[in-house]
Undergrad: 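This is the structure I have questions about; it appears just below.
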Amino acid sequence: MMALPDPETFNLLVWDIVRQVPEGQVTTFGQIASMIPAPEGVDSDGYSRLVPRWVGDAMNAVSWKDDKTIPWHRVINSRGMISLPPESQTAALQRARLRHEGIEFNGKEQVDFDRWGWEGPEMAWCDEMGLYMPKSLRSRPADGPQQMHLF
DNA sequence: CGTTTGACTACGC
DNA sequence: CGCGTAGCCAAAC
């Protein structure tokens, strides 16, 4: 698919991906970056090495104008934390929105990816967009708030 | 123009 | 584990 597009086009693509993240789930800058093919090819494990920092730039542009069609608050860093300055107004807004969607933070202000991490978009959508399927952020099946007994 | 600075990550002590 | 560092490239200084 396309080589690395100009920044404007790149942002549009990133925003399209972010729009796929369902309410009540989170993704990371790195996970999004790994979906986008880079001109220099892919890693040994099949994923592109696109600089996740650009994804951060794209998110910064959104939160600035607070485009309501883009759930920018669902994008956090690989440590499971909000990546904005902790004291900033924007960080507070992001945290409030995530809490409102039922996402919890542990004592270290981290989100548990095993419970709220996005597993990526539908494969059909990726094919259509010419993107890689990302690795799931979950290392084990999500155990809901209360797990169900099978007898 | 050279420098500095990022909503980042992976890796090594 | 936690913290420091190197590597990334575009944008702002």
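Chain letters run A, B, ... following the sequence lines, proteins first and then strands; every chain starts at 1. The figures that follow rest on heavy atoms only: side chains count, while hydrogens, waters and symmetry mates do not.
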Undergrad: I would like to know whether A/W125 and A/I17 meet side chain to side chain contact (heavy atoms under 4.5 Å, CB included); could you show each step before the answer?
TA: CA-CA 10 Å; A/W125 189 84; A/I17 296 173; 4.0 Å; yes

Undergrad: Could you give me the CA-CA distance, side-chain angles and deciding distance for A/V14 and A/I32, then say whether side chain to side chain contact (heavy atoms under 4.5 Å, CB included) is met?
TA: CA-CA 7 Å; A/V14 169; A/I32 291 174; 4.3 Å; yes

Undergrad: For A/R99 and A/E104, run side chain to side chain contact (heavy atoms under 4.5 Å, CB included): C-alpha distance rounded to whole Å, both residues' side-chain angles, the deciding distance at 0.1 Å, then the answer.
TA: CA-CA 6 Å; A/R99 289 286 298 113; A/E104 297 166 15; 4.1 Å; yes

Undergrad: Is any side-chain heavy atom of A/V21 less than 4.5 Å from a side-chain heavy atom of A/V75?
TA: no

Undergrad: At their closest point, which heavy atom of A/Q25 faces which heavy atom of A/G117, and how far apart are they?
TA: OE1-O, 4.0 Å

Undergrad: Measure all distances between protein nitrogen or oxygen atoms and nitrogen or oxygen atoms of nucleotides 1-4 of chain C, and list the pairs falling under 3.5 Å.
TA:
none

Undergrad: Within the side chain of A/D67, is there an N or O that forms a donor-acceptor pair under 3.5 Å with the backbone of A/V62?
TA: no

Undergrad: With a 3.5 Å distance limit and no angle check, can you tell me whether A/Q31 reaches the backbone of A/K135 through a side-chain donor-acceptor pair?
TA: yes

Undergrad: What are the two closest non-hydrogen atoms of A/A91 and A/P85, and how far apart are they?
TA: CB-O, 3.3 Å

Undergrad: Could you give the start and end, 5' to 3', of the contact zone on DNA chain B for chain A, using atoms under 4.0 Å from its heavy atoms?
TA: B/dG6 to B/dT9

Undergrad: Find out whether A/L93 and A/R97 are in side-chain contact, i.e. whether some heavy atom of one side chain is under 4.5 Å from a heavy atom of the other.
TA: yes

Undergrad: Tell me which residues in residues 68-76 of chain A lie within less than 4.0 Å of DNA chain B, going by non-hydrogen atoms.
TA: A/W72, A/V75

Undergrad: Which ILVMFWY residues can you reach from A/I76 by hopping between side chains whose heavy atoms are under 4.5 Å apart?
TA: A/V26, A/I82, A/L84, A/L98, A/I103, A/F105, A/V111, A/F113, A/W116, A/L137

Undergrad: Any donor and acceptor pair, going by atom type alone, linking the side chain of A/Q110 with main-chain N or O of A/M81 inside 3.5 Å?
TA: no

Undergrad: Are the side chain of A/W15 and the backbone N or O of A/A58 linked by a donor-acceptor pair below 3.5 Å?
TA: yes

Undergrad: Give one of base, sugar-phosphate or nothing for A/N60, where a contact means two heavy atoms less than 4.0 Å apart.
TA: base

Undergrad: Find the distance A/F10:CZ to C/dC8:C1' and express it as a whole number of Å.
TA: 12 Å

Undergrad: How many whole angstroms separate atom CZ of A/R53 from atom P of C/dC8?
TA: 12 Å

Undergrad: Which residues, if any, of residues 19-31 of chain A bring a heavy atom under 4.0 Å of DNA chain B?
TA: A/T28, A/F29, A/G30

Undergrad: What salt bridge (charged side-chain N to carboxylate O under 4.0 Å, His left out) pairs are there with at least one residue in residues 68-86 of chain A, not counting sequence neighbours?
TA: A/D66-A/K68, A/R74-A/E101

